[in-house]
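Notes follow the structure.
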Amino acid sequence: MLGFRRFFITSMRQYSSRKQGTDTGSWGESLRDNMGAAVTWDSIYNCYSSNKSLHFDWFFGYNHMRSFLHSLICELAPQKYTGPPLHLIDLGCGTSDVGLGIYRDSPVPVLMSCVDRSAPAIVAMNNILTKGPPIIPRHPDSCLQFIEGDATDLHGFPSASVSLVLDKGTSDSLLRSSRMEAHRMVKEALRILHPKGKLVQLTDEDPDARLHFLEEAGVGPEVTFQILGDRDDISYYAYIVTPSPCSE
C-alpha cells in the first residue's frame, strides 16, 4: 500500500521529532502495526499535550488547503446564502486545526462538528476553546463543537443531514487494522450526507489504489480527484465523493 508507506514515513518524522529519548525504530514499528487502535492515538495526543503543542496535523494543516476548503463551502452554499448553518463534519479530527480554521473563516454560517474517538484529543481541543484566546467566527451564526465518537458508527447524526464530511487520513489509519472498518466509515459518511453533500478524503494514496477502495466501499461513479500539492516529494490528493442512490 504505497499511500500508507508515505503517510507512515511522514507521520513518524513529525511525531518522533517531539518524542525525545524514544527508540524511533521500535516506536515506528508499533505505530505501523497499531495505526487503527485507539490506544495508539491516545498516546500520541497525550505526548503532544505534555509538550504543550496545540495542534498535530497529519499530512498538512488548515492553511495548506484553505482555498480548497473555502471553494467547497462556496459550492455548497449559493451566493448570499441566508439559510441555517451548513453542517460540516471532520471525521477523526484529532488535534488538527482544520475545524477551527473553517469555523473562524467561513463566510457562510456553519455548524462545524469535529469527531474523534480519542478522549485526550477531544479534551485538548475543548481546552483550546475554553481556556485559550477567544476564536471569533467570521459569521456570527457559526458554531464549533468537539465530540468524542466513533467514525464507523455515527448514530448521533441523522441520515441526510450533513453537507460536507472531511476525512483527512482517518481512512488511511483504519485500513491498517481492518479494511471492513474503513468501508464502514465510508458507508456511515455517505449515510449522513445530504443528497447534494460531499465526502472529501484527503490522503497521499495514489488514484489507482484509492479509487479501488472507494468502489469496494460501495461508492458510485461520482468520484473526482485533484492534487492538492506536493510536500517533501510526496503528492497529496483530494477525492471528492457525491452521494448516489446506490450508496444509500
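Under the salt bridge (charged side-chain N to carboxylate O under 4.0 Å, His left out) criterion, Glu75 pairs with Lys198, sequence neighbours left out. Remark: Glu148 engages no residue in a salt bridge (charged side-chain N to carboxylate O under 4.0 Å, His left out) (not counting sequence neighbours). Under the rule for a side chain to side chain contact (heavy atoms under 4.5 Å, CB included), the partners of His70 that lie at least two apart in sequence or sit in another chain are Tyr62, Arg66, Asp105. With sequence neighbours excluded, the residues forming a side chain to side chain contact (heavy atoms under 4.5 Å, CB included) with Ala77 are Tyr81, Leu86, Val108, listed by chain and number. Residues that satisfy the salt bridge (charged side-chain N to carboxylate O under 4.0 Å, His left out) test with Arg184, not counting sequence neighbours, are Glu181. Qualifying side chain to side chain donor-acceptor pair (under 3.5 Å) partners for Asp208, counting only residues two or more places apart in sequence or in other chains: none. With sequence neighbours excluded, the residues forming a side chain to side chain contact (heavy atoms under 4.5 Å, CB included) with His183 are Arg179, Phe213, Glu216, Ala217, listed by chain and number.
Put simply, Leu76 and Ile240 are part of the same group of oily side chains (I, L, V, M, F, W, Y) that touch within less than 4.5 Å, one to the next. Note on Phe68: it clusters hydrophobically with Leu166, by side-chain heavy-atom contacts below 4.5 Å among ILVMFWY residues. Cluster annotation: Met180 and Val219 are assigned to distinct hydrophobic clusters (Ile/Leu/Val/Met/Phe/Trp/Tyr, side-chain heavy-atom contacts under 4.5 Å, transitive).
Judged by distance alone, with hydrogens and angles left aside, the side-chain atoms of Asp116 form a donor-acceptor pair with the main-chain N or O of Gly94 at under 3.5 Å. Judged by distance alone, with hydrogens and angles left aside, the side-chain atoms of Glu188 form a donor-acceptor pair with the main-chain N or O of Leu154 at under 3.5 Å. When atom types are taken as modelled, the side chain of Ser106 and the backbone of Tyr103 share no donor-acceptor pair closer than 3.5 angstrom. Checking side-chain atoms of Asp167 against main-chain N and O of Thr170 turns up a donor-acceptor pair under 3.5 Å. Counting only distance, with no hydrogens or angles, the side chain of Lys168 and the backbone of Phe60 share a donor-acceptor pair below 3.5 Å.
None of Leu199, Ile192, Val165 except one satisfies the side chain to side chain contact (heavy atoms under 4.5 Å, CB included) rule with Leu91; the exception is Val165.
Note that the CZ atom of Arg104 and the CE atom of Met112 stand 13.0 Å from one another [nearest 0.5 Å].
Taking each heavy atom of Asp90 and Gly99 in turn, the nearest pair found is OD2-N, 4.3 Å. The nearest pair of heavy atoms linking Leu202 to Asp172 is O-OD1, 4.4 Å.
Residue pairs meeting the salt bridge (charged side-chain N to carboxylate O under 4.0 Å, His left out) criterion with at least one partner in residues 76-85, sequence neighbours excluded, do not occur; the list is empty. Among residues at least two apart or in separate chains, there is no ring pair (Phe, Tyr, Trp, His ring centres under 6.0 Å) pair with a member in residues 110-133. For residues 149-162, no pair satisfies salt bridge (charged side-chain N to carboxylate O under 4.0 Å, His left out), with sequence neighbours left out. Within the structure, side chain to side chain donor-acceptor pair (under 3.5 Å) pairs that include any residue of residues 137-146 comprise Ser113-Gln145 (at least two apart or interchain).
Here the two rings, on His87 and Phe157, have centers that are under 6.0 Å apart.
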Side-chain donor-acceptor distances from residues 122-134 under 3.5 Å, at least two apart:
unit_1 : atom_1 : unit_2 : atom_2 : d
Asn126 : ND2    : Ile122 : O      : 3.3
Asn127 : ND2    : Val123 : O      : 3.3
Thr130 : OG1    : Asn126 : O      : 3.0

